[in-house]
Structure formats: C-alpha cells, structure tokens
Amino acid sequence: MSVTIIDSHMHCGTQNVSLPWEEVQGRLREGGISGACLFAPVEDIYDRYDYHFQDTAAWAACRRRANRYLLDLQQREQNLIAYYFVWNDFRNEELRKGYRGIKWHRHEYEPVYNYADPRCEEFLQEAYRLGLPILLEESFENTRYFIRRVRGRTPVIIPHLGMLNGGFQALLRAGVWDDGTVYADTALALSSEMAQFLDRYGSERLLFGSDFPFGSPRHELQKVRNLGLSEDDFENIVSRNVFRLTGAQPTHTQE
C-alpha cells in the first residue's frame, strides 16, 4: 500500500486572502500528496501590520468563519486535518468541536498574545485535556517561555525547523530540541538542518510541511526525498508522525 503523504503546514482561507480549498487541492495533486494539515491565513485572524491591534467583534467573527471553513473541510474531505488558529479571545470551547491541533502564531513585529490573561491558561488547560498539539511560531524568547510553561503536557511543533522562532542553531544551543515533546516541521527549512536534526534526534519528531502558499508542496517534498532516507524514516516524516500527533486516521485512496 502506498504511503499516505500529508503536508503538515498549509494555509487555506477565502476572506482577506484568496486561498480556497480548490487551489490547495490542486497543489497537493501536483505533488502526489494525499492530504494536509490546514491553518487559516494570519490575515483572517488579526491585523498583523498593526502592532497595537485591538480586537473587535468584526475580527472575532472573521476568525470564527476562518476556523470553521477548515473544520467543514475536515468533515467533508479525506486526509484533511483542521487546526484551530487561536488569538487573544482564547475561546477554549471551540477546541471541543473537532479540531485536531492548534495554530499559535506571531512574529516580533506583530501584535502580542496576552499570556497573562487567565483565559490563556484556561485555553491551554483545555488543549492539555484534549491532547491537541500546538504549532508554535513565536519570538525566540517567547518560544522558550511557552515550552517551559507547557512543560510537556501536550506536544509543541516548531515550524520551519525554528527559522522564524530564532533560528535552528539558537534553539539547539538553548536545548529546545532536546525536549522529547518538541517537534519540528520541514517547511522552507534548509536540507542541512533537516539532516542535523535527524542525526541527533531521529525521524520520529520531524514532520514534512511546505508552508503553502509561501512554499511549493512538490518542491518541499522533494527536499525530504533528496535526504536519502530509509523507507521507515521517510514514512515517519511524511505520514506516521502527523497522524500520531493529531489522532487522525489515514484514508488510503486507490491510485
């Protein structure tokens, strides 16, 4: 039976940017990829260009539509895994609707998460209870803070092998990768850093991803193929790890 390849890092949404499922589906087919973990575009969650952004009812409604769009796709399509993109309203009740992971994202120039809000802790407690992995893209200091705060109570996935979390090597020196509950995805990462991670930690904590539309699923998958992995290691990275983390079940399609 062929491997059910999953791109663990793709953006999909139709409000403030045009990334409809039909376009995502076409890129998956082009790369011979079976499915994907889908995140709403940042532009549908908050105003990333306003550091002093204040939430509004309109933005809250936009977030709900953006996340629900992915949940509806997960329920309709095979091998799609919807992540809930959280912002400062920390709506923990949303996590019980069937999302299989959480997207936690900001860059240093963007508005900040209110980590001191009691609702933040309530949200995290619900994530722990449900065992939902958290894909964390944050500043270097906040990445280290977040991992200390979570303390292994649910898996944390750092995208791009840490490229936008302070850098792979900085996280390595800080001991972040030594935590067995911290995972990484390969989206836009250097092949040399993928190889270094694999040499140190093996293949059970690395996930294939493309960061579409910023990366090409076909090209990013080829980078993983070019590592010359064993069949078992390749299947861990492109399939087994993501299904194990999210609790989703692969649907095998006939070629």
Side-chain angles (χ1 to χ4, degrees), residues 1-10 28 31-39 70-71 73-75 77-86 95-104 124-137 146-147 150-162 165 171 176-187 189 193-195 197-212 217 220-221 223-225 227 229-253:
M1 186 175 290
S2 61
V3 178
T4 303
I5 298 175
I6 300 295
D7 185 331
S8 72
H9 191 144
M10 299 187 81
L28 293 173
I33 300 166
S34 307
C37 297
L38 298 180
F39 318 137
L70 304 185
L71 193 59
L73 284 172
Q74 176 182 269
Q75 294 167 350
E77 304 286 344
Q78 295 180 339
N79 295 317
L80 288 191
I81 299 168
Y83 275 54
Y84 178 79
F85 200 141
V86 60
L95 299 182
R96 297 188 287 273
K97 294 183 176 180
Y99 298 96
R100 295 193 176 275
I102 296 164
K103 180 72 165 11
W104 195 295
L124 287 172
Q125 290 295 330
E126 188 66 4
Y128 306 152
R129 186 184 73 81
L130 295 170
L132 296 176
I134 300 173
L135 188 133
L136 175 70
E137 190 165 324
F146 191 90
I147 289 168
V150 170
R151 289 185 298 179
R153 285 176 286 185
T154 202
V156 175
I157 306 165
I158 298 179
H160 315 296
L161 267 168
N165 291 63
L171 295 175
V176 169
W177 302 123
D178 294 336
D179 186 329
T181 65
V182 174
Y183 294 69
D185 79 34
T186 67
E193 292 178 345
M194 295 183 210
F197 186 93
L198 290 166
D199 286 344
R200 281 177 169 264
Y201 306 111
S203 64
E204 294 187 349
R205 289 197 284 130
L206 190 61
L207 287 70
F208 155 63
S210 71
D211 197 17
F212 174 82
E220 294 298 312
L221 179 59
K223 285 164 59 178
V224 176
R225 293 189 189 279
L227 294 172
L229 302 169
S230 70
E231 182 178 330
D232 195 54
D233 286 340
F234 179 76
E235 189 164 351
N236 280 341
I237 293 167
V238 304
S239 186
R240 289 192 193 115
N241 294 343
V242 71
F243 284 117
R244 175 167 48 85
L245 280 175
T246 63
Q249 296 298 315
T251 300
H252 300 285
T253 57

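Bear in mind that the values here come from a model prediction, so they are computed numbers and not experimental data.
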Backbone of Pro155 reached by a side-chain donor or acceptor of Thr181 within 3.5 Å: no
pair Met194-Ile237: side-chain heavy atoms closer than 4.5 Å: no
Test item: Phe197 and Arg205 side chains (from C-beta on) under 4.5 Å apart, heavy atoms: yes
If you measure from [atom1] on [X] to [atom2] on [Y], what distance do you get to the nearest 0.5 Å?
{"X": "Ile33", "Y": "Ile5", "atom1": "CD1", "atom2": "CD1", "answer": "6.5 Å"}
{"X": "Asp7", "Y": "Asp211", "atom1": "CG", "atom2": "CG", "answer": "9.0 Å"}
{"X": "Asn241", "Y": "Leu207", "atom1": "CG", "atom2": "CG", "answer": "5.5 Å"}

Stepwise side chain to side chain contact (heavy atoms under 4.5 Å, CB included) test for Leu206 and Thr186: CA-CA 7 Å; Leu206 190 61; Thr186 67; 3.7 Å; yes
salt_bridge(Arg240, Asp232) N-O dist < 4.0 Å: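 A salt bridge links Arg240 with Asp232.
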Looking only at heavy atoms, what is the nearest atom pair of [X] and [Y], with distance?
{"X": "Thr246", "Y": "Arg100", "value": "O-NH1, 3.5 Å"}
{"X": "Ile157", "Y": "Pro133", "value": "CD1-CB, 4.1 Å"}
{"X": "Ser203", "Y": "Asn236", "value": "OG-ND2, 2.8 Å"}

His160 and His9 aromatic ring geometry - parallel, tilted or perpendicular at 30°/60° bounds: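 Tilted: the ring planes of His9 and His160 meet at 30° to 60°.
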Heavy atoms from other residues, nucleotides or ligands near CZ of Arg151 exceed 12 (cutoff 6.0 Å):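 Atom CZ in Arg151 is not packed in, count stays at 12 or less.
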Flag if over 12 foreign heavy atoms under 6.0 Å of CD, Glu231: no
Pair Tyr83 + Phe39: ring centers closer than 6.0 Å: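 That pair passes the under 6.0 Å test.
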